[in-house]
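Everything on this sheet refers to the single structure shown next.
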Amino acid sequence: MAENRSLMILKVVIMLSLSTGALGYRTGGLRAFYFVQQWLGSYCNQRGTKCCDPPTGKPKPDFTIYGLWPYYNDGSFPYNCGDDNYDVGRIKYMEKRLQESWPTFTCPQIGRKFWVHLWNKHGTCTKDILGEIDYFEGALYLKKKVNILQALAKYGIRPDNRFYPLKTIKTAIARATGFHPWIVCNTNAQGNKQIWQVTLCSDKSGKKLIQCPYLPSGRGNCDNKIQFSSYY
């Protein structure tokens, strides 16, 4: 009996947690965005991960957009906020820029379906303020504004498989952007912690950086010194 009761409570908790995103969309109010970039070298060198070049070919080494994720006034992190009848034709004019700055490297290639997935999961939670075009244009604008690779290079931090102090990495990005970044690490096939994602925040326009008021879950998993892996 006690075991069944515990199972029932667990199911209720899970159902409430899954409904947070939809409820937040109706009641929380969009506050700002997490703007996340990733280093593809660290994504592709994980054990069991296989990357494929985009149809346009292997891009030059750079951090690429990982996501533009909304969060609300109550601190919730919504997703899948409803069907918006996504029309990929609306962003066809910016497709070349998306291929360069927001590519997918999953195998097999999914092409435009990748951006459809991003809009359906995250963009629909912003549609009362940012439409489809403004959502993608905002991410592209922030990518152009935040050059992480250049910021790190000014401090002698390069993708050469060497280990660098996490504090120095954060300082380099903060000096270049004016805001403190959040760094996410993953583990490569050799078991080393490495820089993977860099998160900054923007306001509701999707174009102005601000200080992040909330810490995204999963942040702070790096060692004091982390590897900057070579490009994949």
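When a residue number appears, it is its place in the shown sequence, counting from 1. Both backbone and side-chain heavy atoms feed into the values below; hydrogens, waters and symmetry mates do not.
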Listed partners of His117 passing side-chain contact (heavy atoms from CB on, under 4.5 Å), at least two apart: Lys121
Side-chain contact test, heavy atoms from C-beta onward, threshold under 4.5 Å: evaluate it for Pro61 versus Pro159 and give yes or no. no
Candidate pair Ile65 and Val36, rule side chain to side chain contact (heavy atoms under 4.5 Å, CB included), full reasoning: CA-CA 6 Å; Ile65 300 172; Val36 189; over 6 Å; no
Contacts of Phe136 meeting ring pair (Phe, Tyr, Trp, His ring centres under 6.0 Å) (sequence neighbours excluded), chain-then-number -> Trp102
Across all chains, not counting sequence neighbours, the side-chain hydrogen bond (donor to acceptor under 3.5 Å, both in side chains) partners of Ser202 are none
Report the residues that fulfil side-chain hydrogen bond (donor to acceptor under 3.5 Å, both in side chains) with Tyr155, sequence neighbours left out, ordered by chain and then residue number. Arg175
Do the side chain of Tyr135 and the main chain of Leu68 share a donor and acceptor less than 3.5 angstrom apart? yes
In terms of heavy-atom contacts, Ile210 and Ala32 come closest through CD1-CB, 3.7 Å
Is the backbone of Gly123 close enough, under 3.5 Å, to the side chain of Thr126 for a donor and an acceptor to pair up by distance? yes
Please give me the minimum heavy-atom distance between Tyr231 and Lys60, naming the atom from each residue. OH-O, 3.5 Å
Asp160: what forms a side-chain contact (heavy atoms from CB on, under 4.5 Å) with it, not counting sequence neighbours? Arg158, Arg162, Tyr164
Do Ile183 and Leu166 have side chains that approach each other closer than 4.5 Å (heavy atoms only, starting at C-beta)? yes
Inter-residue atom distance Thr171.OG1 - Ile157.CD1, 0.5 Å rounding: 8.5 Å
Kindly indicate whether the side chain of Tyr72, heavy atoms from C-beta on, has any atom under 4.5 Å from the side chain of Leu30. yes
side-chain hydrogen bond (donor to acceptor under 3.5 Å, both in side chains) with Gln194: which residues, sequence neighbours excluded? Asn45, Asn186, Ser229
Looking only at heavy atoms, the pair that brings Leu200 and Cys212 closest together is C-SG, 3.7 Å
Under 4.5 Å between any side-chain heavy atoms of Asn161 and Gln227, yes or no? yes
If you round to the nearest 0.5 Å, how far is CD1 of Ile195 from NZ of Lys170? 10.5 Å
Taking only residues two or more places apart in sequence or in another chain, which ones pass salt bridge (Lys or Arg N to Asp or Glu O under 4.0 Å) with Glu100? none
What one should report as the nearest heavy-atom pair of Asn80 and Cys125 is N-SG, 4.0 Å
Please walk me through it: do Tyr71 and Tyr34 pass ring pair (Phe, Tyr, Trp, His ring centres under 6.0 Å)? CA-CA 7 Å; Tyr71 65 87; Tyr34 296 127; 4.7 Å; yes
Would a distance-only check, ignoring hydrogens and angles, find a side-chain to backbone donor-acceptor pair under 3.5 Å from Thr124 to Cys81? yes
Given the rule in the side chain to side chain contact (heavy atoms under 4.5 Å, CB included) test, do Lys113 and Thr104 qualify, once you have shown the distances and angles that lead to the verdict? CA-CA 10 Å; Lys113 292 180 181 179; Thr104 174; over 6 Å; no
Measure the shortest side-chain to side-chain distance between Asp134 and Lys207 over non-hydrogen atoms and say whether it is less than 4.5 angstrom. no
In short, Arg97 meets Tyr93 closest at the heavy-atom pair NH2-CE1, 3.7 Å
side-chain contact (heavy atoms from CB on, under 4.5 Å) partners for Gln190, two or more places apart: Asn188, Asn192
Aromatic contact between Tyr66 and Trp69, with the criterion being ring centroids under 6.0 Å apart: yes or no? yes
Please enumerate all residues that pass side-chain hydrogen bond (donor to acceptor under 3.5 Å, both in side chains) together with Gln38, with sequence neighbours excluded. Trp196
Could you pull out the closest heavy-atom pair between Trp119 and Leu130, with the gap in Å? CH2-O, 4.0 Å
Between SG on residue Cys44 and CZ on residue Phe105, distance to nearest 0.5 Å: 7.0 Å
Would you check if the side chain of Arg47 reaches a backbone N or O of Ala189 as a donor-acceptor pair within less than 3.5 Å? yes
Mind checking ring pair (Phe, Tyr, Trp, His ring centres under 6.0 Å) for Phe33 and listing every partner two or more places apart, or none if nothing turns up? none
When you group the ILVMFWY residues by side-chain heavy-atom contacts below 4.5 Å and let the links chain together, are Phe163 and Phe228 in the same group? no
What pairs of donor and acceptor atoms, side-chain ones from residues 138-153 against any protein atom, are under 3.5 angstrom apart with sequence neighbours left out?
from: Lys143; atom 1: NZ; to: Asp62; atom 2: OD2; distance (Å): 3.0
from: Lys143; atom 1: NZ; to: Phe63; atom 2: O; distance (Å): 3.4
from: Asn147; atom 1: OD1; to: Gln150; atom 2: N; distance (Å): 2.9

Answer yes or no: is there a side-chain heavy-atom contact under 4.5 Å between Thr49 and Tyr43? yes
Kindly state each residue pair satisfying salt bridge (Lys or Arg N to Asp or Glu O under 4.0 Å) with at least one member in residues 176-204, sequence neighbours excluded. none
Answer yes or no: is there a side-chain heavy-atom contact under 4.5 Å between Leu209 and Thr177? yes
